[in-house]
Amino acid sequence: MTEKDHHIYKLQDQLVARNLTPGKLLVYWQLHDEKVQFICEYFYIPEDQVIKSLRLMEHGSRIILHEVILRQGVSSWVFKGIKPNGNYYVELGVKRSSETFLPLLKSNSIIQDSNILLTAGQPLSPGWIGKVSTYTYYENLEGSIQN
């Protein structure tokens, strides 16, 4: 990959949805902060009121099956409890108010079938997939360790 190609790839925003198991979808994305800032300035959304959100939608209808409000720095999500037979997609966007959602990215189509798993236009795995450690230190919510 040339330096120019690498730079172009780095600039591309993407929202990818993949089947994990029947009933579970993995969604991961890359969305540059500059683009979110531009949208917020254009629509007069104060920076401290920016709310990023994911919406799981069923193809053929505008019905929102699940909506998730995202914390700062989150770049992946697993939707659980999805009907095993269905055709879905995900939108990543900014909420202007509880009623107003501005979609910024739309994922590929996901088809779930209890007999087979298909992903329309299945993309490559995210770069971090092979770099996950199973060694994790856990504390309780108060921050003290139980003996």
Side-chain angles (χ1 to χ4, degrees), residues 1 5-6 8-143 146:
M1 178 181 292
D5 292 338
H6 179 71
I8 290 171
Y9 175 75
K10 248 180 117 173
L11 294 177
Q12 290 180 342
D13 292 330
Q14 63 177 345
L15 175 60
V16 179
R18 298 186 66 180
N19 285 309
L20 285 178
T21 62
K24 285 187 183 179
L25 298 177
L26 168 66
V27 181
Y28 57 94
W29 59 90
Q30 178 175 328
L31 178 62
H32 290 85
D33 290 334
E34 294 83 13
K35 292 182 182 177
V36 175
Q37 290 169 353
F38 174 78
I39 295 296
C40 291
E41 286 176 18
Y42 186 83
F43 288 103
Y44 305 107
I45 303 171
E47 193 171 325
D48 61 337
Q49 294 179 13
V50 172
I51 300 170
K52 289 184 187 172
S53 176
L54 277 179
R55 287 185 168 182
L56 177 66
M57 314 283 280
E58 191 165 9
H59 268 290
S61 74
R62 294 294 301 165
I63 297 171
I64 302 165
L65 301 174
H66 295 284
E67 182 171 17
V68 179
I69 304 301
L70 301 169
R71 293 185 319 261
Q72 183 69 24
V74 173
S75 62
S76 64
W77 193 264
V78 175
F79 285 102
K80 299 176 185 174
I82 309 302
K83 290 188 296 186
N85 294 318
N87 188 355
Y88 307 101
Y89 67 95
V90 178
E91 290 181 337
L92 173 65
V94 174
K95 292 187 73 111
R96 185 173 187 181
S97 67
S98 60
E99 298 86 30
T100 307
F101 176 77
L102 304 168
L104 301 176
L105 296 173
K106 183 177 177 179
S107 77
N108 52 296
S109 296
I110 294 293
I111 301 168
Q112 287 221 333
D113 187 322
S114 57
N115 298 322
I116 58 172
L117 290 177
L118 299 173
T119 302
Q122 185 150 349
L124 299 174
S125 296
W128 52 261
I129 205 91
K131 300 174 185 170
V132 176
S133 172
T134 57
Y135 299 100
T136 305
Y137 175 76
Y138 294 98
E139 290 184 326
N140 66 8
L141 293 176
E142 290 76 29
Q146 304 262 336

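Numbering starts at 1 and runs along the sequence shown. Note that the structure is predicted; figures quoted are calculated from it, not measured.
The two residues C40 and V50 come nearest to each other via the heavy atoms SG-CG2, 3.3 Å.
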### Message
Applying side-chain contact (heavy atoms from CB on, under 4.5 Å) to E58 and I63, what does each step give before you reach the verdict?
### Response
CA-CA 6 Å; E58 191 165 9; I63 297 171; 5.7 Å; no
### Query
Can L25 and L20 be said to form a side-chain contact (heavy atoms from CB on, under 4.5 Å), step by step?
CA-CA 6 Å; L25 298 177; L20 285 178; over 6 Å; no
### Message
Under the criterion side-chain contact (heavy atoms from CB on, under 4.5 Å), I'd like the reasoning laid out for L31 against D13: C-alpha separation, chi angles, the key distance, then a yes or no.
### Response
CA-CA 5 Å; L31 178 62; D13 292 330; 3.6 Å; yes
#### Entry: Audit row: R55, E67, salt bridge (charged side-chain N to carboxylate O under 4.0 Å, His left out) steps and yes/no
CA-CA 4 Å; R55 287 185 168 182; E67 182 171 17; 3.2 Å; yes
### Task
Give the C-alpha distance, both sets of side-chain angles, the deciding distance and a yes or no for side-chain contact (heavy atoms from CB on, under 4.5 Å) between V90 and W29.
CA-CA 11 Å; V90 178; W29 59 90; over 6 Å; no
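At a threshold of 4.5 Å between non-hydrogen side-chain atoms, the residues I111 and H59 do not count as touching. At least one side-chain heavy atom of L102 sits under 4.5 Å from a side-chain heavy atom of I45. Between I64 and F101 the shortest side-chain heavy-atom distance does not fall below 4.5 Å. Two residues are said to be in side-chain contact when any heavy atoms from C-beta on lie closer than 4.5 Å; L54 and F79 meet this criterion. Using a 4.5 Å heavy-atom cutoff, the side chains of K95 and I69 are in contact.
Separation of atoms NE2 (H32) and CG (L104) is listed at 13.5 Å; rounding is to 0.5 Å. The CG atom of L92 sits 11.5 Å away from the CD atom of Q30 when rounded to the nearest 0.5 Å. Atoms OG and CE, from S107 and M57 in turn, are 10.5 Å apart once rounded to the nearest 0.5 Å. Note that the CD atom of E91 and the CG atom of L105 stand 9.5 Å from one another [nearest 0.5 Å]. Put simply, CG on L15 and CG on N108 are 7.5 Å apart, with the number rounded to the nearest 0.5 Å.
Not a single ring-ring contact (aromatic ring centres under 6.0 Å, His included) links Y88 to another residue, sequence neighbours left out.
Distance alone, capped at 3.5 Å, places no donor-acceptor pair between the N87 side chain and the S109 backbone. Formation of a donor-acceptor pair under 3.5 Å by the S53 side chain with backbone atoms of V68 is found in this model.
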